[in-house]
Amino acid sequence: MPELPEVENARRLIADQALGRRIVAVDDADTFVCRPHSPGELRDALTGRMLTAAHRRGKAMWCETSELLGGPPGPGPDLGIHLGMSGRIVVTSPDGEAAEGGDPPGRDAQPRKAEWDRFTLEFADGGRLALFDKRRLGRIVLNPDIDALGPDAAEVTPAQFRALITKGSIAVKARLLDQSKIAGVGNLLADEILWQAKVAPATPVSRLRRTDADRLYRALRSVLASALAAGGGAHTGDVIAARRPGASCPRCGAEMVHGTIGGRSTWWCSREQAARPPVPLTSGKATGLRAR
Ligand SMILES: [Zn+2]
């Protein structure tokens, strides 16, 4: 599933190869992928314009569009693109050479059917941009609501991260997955970050120490940096291959264990990410801690 690194990979492809090319036709006939727009609405909004910039926050991506020649002054609408569970962006050059970005080509790659191009921009130069999405869980929408997302995981500051990660009492894994708090971390990145930081995934965020939060932040930065540098994405993390029954921790050799946390399949090291014992309630002093 595309997480921040895969979406960034698709964004870079658009920024490198699709900007400044005049749109002459739009296939927006897939009313599920293009909901709530009706067929023709995206075509009418985009034909004659160019993509002028490609942005990303978390797993959401959007492109700015140019003024329409002979139309009213000012830029056009933003084109929101969400890759869903397995979407990829395919940009074709004027001579027909295709480049891809997004979820790595896996089982969905072949055979390749034309109807799996769920949304297409045709350029005046003969090339095109398509959302290739066999599972049809991607989404195209004009002027997407980006404000519902928290700060991007690659740009969040240490102070922002500390405040966002520790508020409330939810399991830390579930908090890392909450896109309204920090945007861009999916299931694989979350397991990798928790493993790097040696934090038990079910730890209530209220019990994270300052040092835990800082270790998580450093792990987030380093995991994202290597996933982005490798260009390979979230599945290239050090612990990802050990997310299977019978595997041992690649760092200490202890058994990897599995559970469902935040509704998602979760793997962790039985030794280094063991849950901490409960807070003792027997200090005899008024600590402000209630029993349970
Ligand atoms: Zn270990």
Side-chain angles (χ1 to χ4, degrees), residues 1-6 8-9 58-59 103-104 106 150 152-154 156-158 160-179 181-280:
M1 187 191 311
E3 302 188 33
L4 187 154
E6 289 81 10
E8 175 60 16
N9 177 258
K59 306 178 210 174
D103 209 39
D152 185 74
V156 65
T157 66
Q160 276 178 320
F161 180 83
R162 212 179 293 125
L164 290 164
I165 201 79
T166 55
K167 193 173 287 180
S169 58
I170 195 170
V172 60
K173 162 104 186 226
R175 173 55 49 81
L176 283 170
L177 294 173
D178 182 347
Q179 303 298 302
K181 299 294 192 296
I182 297 162
V185 176
N187 202 38
L188 293 184
L189 284 179
D191 277 8
E192 179 75 21
I193 290 163
L194 290 161
W195 178 80
Q196 296 269 0
K198 302 182 185 176
V199 170
T203 310
V205 293
S206 53
R207 292 196 55 204
L208 292 174
R209 305 183 193 107
R210 166 80 182 245
T211 52
D212 296 325
D214 289 346
R215 266 202 331 283
L216 285 166
Y217 182 76
R218 287 195 298 274
L220 170 78
R221 298 307 296 240
S222 96
V223 166
L224 285 178
S226 43
L228 287 165
H235 67 281
T236 58
D238 292 343
V239 83
I240 302 307
R243 297 174 82 259
R244 56 180 173 80
S248 48
C249 171
R251 189 168 47 212
C252 77
E255 185 191 357
M256 293 293 291
V257 283
H258 177 253
T260 300
I261 298 171
R264 303 297 300 277
S265 176
T266 301
W267 291 87
W268 66 94
C269 170
S270 56
R271 181 185 299 152
E272 297 172 299
Q273 292 173 273
R276 266 181 226 137
V279 180

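Positions are given from 1 along the sequence. Just so we're clear, the structure is a prediction, and the values are computed from it rather than from any experiment. We count ligands from 1, going down the list as the structure has it; atoms in each ligand are counted the same way.
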Mind checking side-chain contact (heavy atoms from CB on, under 4.5 Å) for S270 and listing every partner two or more places apart, or none if nothing turns up?
A254, E255, V257
Please report the interatomic distance CD(Q196) to CZ(R221), rounded to the nearest 0.5 Å.
14.5 Å
As a quick check of understanding, evaluate side-chain contact (heavy atoms from CB on, under 4.5 Å) for Y217 and V156, giving each step before the final call.
CA-CA 9 Å; Y217 182 76; V156 65; 4.0 Å; yes
Spell out, as yes or no, whether a donor-acceptor pair under 3.5 Å connects the side chain of R175 to the backbone of K167.
yes
Over all heavy atoms of both residues, which pair between A154 and L4 is shortest? Give the atoms and the distance, please.
N-CD1, 3.9 Å
Identify which protein N/O/S atoms are less than 2.8 Å from the Zn ion (ligand 1).
C249 SG, C252 SG, C269 SG, E272 OE1
Does the pair D214/R218 count as a salt bridge with the N-to-O cut at 4.0 Å?
no
